Amino acid sequence: MSDAYNFAYLDEQTKRMIRRAILKGIAVPGYQVPFASREMPMPYGWGTGGVQVTAACLTPDDRLKVIDQGADDTTNAVSIRKFFQRTAGVAVTEATAEATVIQTRHRIPETPLCEGQILVYQVPIPEPLRFLEPRETETRKMHELEEYGLMHVKLYEDIARHGTIATAYAYPVKVEGRYVMDPSPIPKFDNPKLSDNPAIQLFGAGREQRIYALPPYTQVISLDFEDHPFEASKAPHDCDLCGAGDSYLDEVITDDRGSRMYVCSDTDFCAGRRAAGHVGRLGQPGAAE
Amino acid sequence: MTGGQNSLKNFGAPAQGDRAMGAVDMDTCAKVKEDRPLLSVQGVMKLYGSRIGCTDVTFDLFPGEVLGIVGESGSGKSTLLGCLAGHLKPDAGRILYDGRDMGALGEPERRRLSRTEWAFVHQNARDGLRMGVSAGGNVGERLMAVGARNYAAIRDTATDWLGRVEIAADRIDDRPSAFSGGMQQRLQIARNLVTGPRLVFMDEPTGGLDVSVQARLLDLLRGLVRDLGLSVVIVTHDLAVVRLLADRLMVMKSGRVVEQGLTDQVLDDPQHGYTQLLVSSVLQV
């Protein structure tokens, strides 16, 4: 751990300001709370919002897990994990069940979360209405007055053009019957896990300077039509390494002739299953790649 | 009649006060279809700094009635329409919709009215349509805004309305950018009327369309207004449009109402000098 920085990089007053925004977000589930986002030593789009929220939540006793698209070992995850090891000196882990704070980009871990855990999402565009209504003044007014018809226009367009609701990620949800919220670009497969989750879920958007939150056991409903209900979709395969049929899969092209394999996007979940002896179509017993 | 007593109680006192200020007396020219006005405008004034947008405008609009507002560019027609539709806040005067004072109405309620009981047809269809959304989505938006959540039902209603405004059903998934100007304008009308509004504001609905398309649009509008029993305030500089559509006519000049009365009466026997000029300026083909 480097002594050149305050604990978790940000100064105490900044963390205090962010904690206030988080508390307000938790008090009004789904409401986007503005906060004075700081310059972080990483580019926008790399999780500056999530990092600030994590920094404000961390205590020296915490155990941190960072995932990027479900994986613990990709660039974004590795660099953010290193960042907090260096500036906060906290313990880190790859096991979902052992972590107290999990920062995630675009996934919710497969292993169910429990009370006492905090899940921090990195959010690029917090405003679910943005691509339909470019004016910020107008979208705020729409949230204020609960004018959410436009969200269904987007879903209508999907069905008219593709026959089904083709939105596969960042699928809009309604929180506790009030605010429509962008769940960050998680696959819609993960949407049901948002609801009634025992963990605290915090969303940080650095460039857009917004924080929003879901307290534990919040009702979160994915928007849909009566005759085109919401469906949590995934690739219709089993994991080729661990054989899991109920986890979200990445498609990996393996050669120039179109061969492909499907593997769990959650690396910790997949490794855990393989360690427990599960084997998929292409996996080798007892081996963990 | 109870309705008459109500309207006396609600409107009698302030209306008299406004008449005393010199507004044109309405009773002689109002074509009374019901005894309670849907929209009652009393001494409305809108200033832009020290310049007058419109001033001292007083009239009643009754259910099922079409009021035309004509005048040259800059005469305050659109300013007045903006005040009526709630886009602009008048500096003086009162606007009562169905007996409720619009100035005292909160914004949530006003916005709810504007997507259920009111409609606004813009001169430029691009202002009133979502160009990135298909025709069906444009028509369905108001339905979804008031809570429709059944895709098939929304689509059926949209198809029905496209038919009513003479847009082929197979264009339902095309974007308005692929439509001609006349089709865009008809689509805008369908989008506005789909929730069955009672009061429609139109700002130069035929502006920028060629004559034959104008004629068809007017024909369509006349049919819809009659079938649905709409109350309409229509702003235009085209006297032919009001001759065809409007029951009553208001002539504006420099922000003031200079003459008002039954459409045929005003057009055939104009009293005010400006109205005479306006009527005589129309080209006879």
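This structure is a prediction, so every number in the text was calculated from the model and none was measured. Here is how names work: the chains are called A, B, and so on, in the same order as the sequence lines, proteins then strands, and each is numbered from 1.
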Under 4.5 Å heavy-atom distance to chain B, tell me which part of [X] shows up: side chain, backbone, both or neither.
{"X": "A:Leu132", "value": "backbone"}
{"X": "A:His152", "value": "both"}
{"X": "A:Leu145", "value": "side chain"}

>> Test side-chain hydrogen bond (donor to acceptor under 3.5 Å, both in side chains) on B:Ser40 and B:Gln42; report intermediate values, then the result.
In response: CA-CA 6 Å; B:Ser40 178; B:Gln42 300 164 359; 3.2 Å; yes
Heavy-atom distance under 4.5 Å to chain A: side chain of [X], backbone, both or neither?
{"X": "B:Asp173", "answer": "side chain"}
{"X": "B:Arg142", "answer": "neither"}
{"X": "B:Ile154", "answer": "side chain"}

>> With chain B as the partner, which of A:Glu146, A:His228, A:Glu144 has the greatest number of non-hydrogen pairs under 4.5 Å?
In response: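 Looking at each of A:Glu146, A:His228, A:Glu144 in turn, A:His228 comes out on top.
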>> Can you tell me which of A:Lys141, A:Lys154, A:Met151 forms the most heavy-atom pairs within a distance under 4.5 Å of chain B?
In response: A:Lys141
> Considering only heavy atoms from C-beta outward, does the side chain of B:Phe201 approach that of B:Val121 to under 4.5 Å?
Replying inline: no
>> Pair B:Asn192, B:Ile189 - check side-chain contact (heavy atoms from CB on, under 4.5 Å), show working.
In response: CA-CA 5 Å; B:Asn192 271 291; B:Ile189 288 163; 5.8 Å; no
> Could B:Arg36 and B:Asp98 be called an ion pair, given the rule that one side-chain N must be under 4.0 Å from one carboxylate O?
Replying inline: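 A salt bridge is present here (some side-chain N lies under 4.0 Å from a carboxylate O).
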Side-chain polar contacts of residues 77-90 of chain B - donor-acceptor pairs under 3.5 angstrom, sequence neighbours left out - could you list them?
residue : atom : partner : partner atom : Å
B:Lys77 : NZ   : B:Gly71 : O            : 2.8
B:Lys77 : NZ   : B:Glu72 : O            : 3.3
B:Thr79 : OG1  : B:Tyr48 : OH           : 3.1

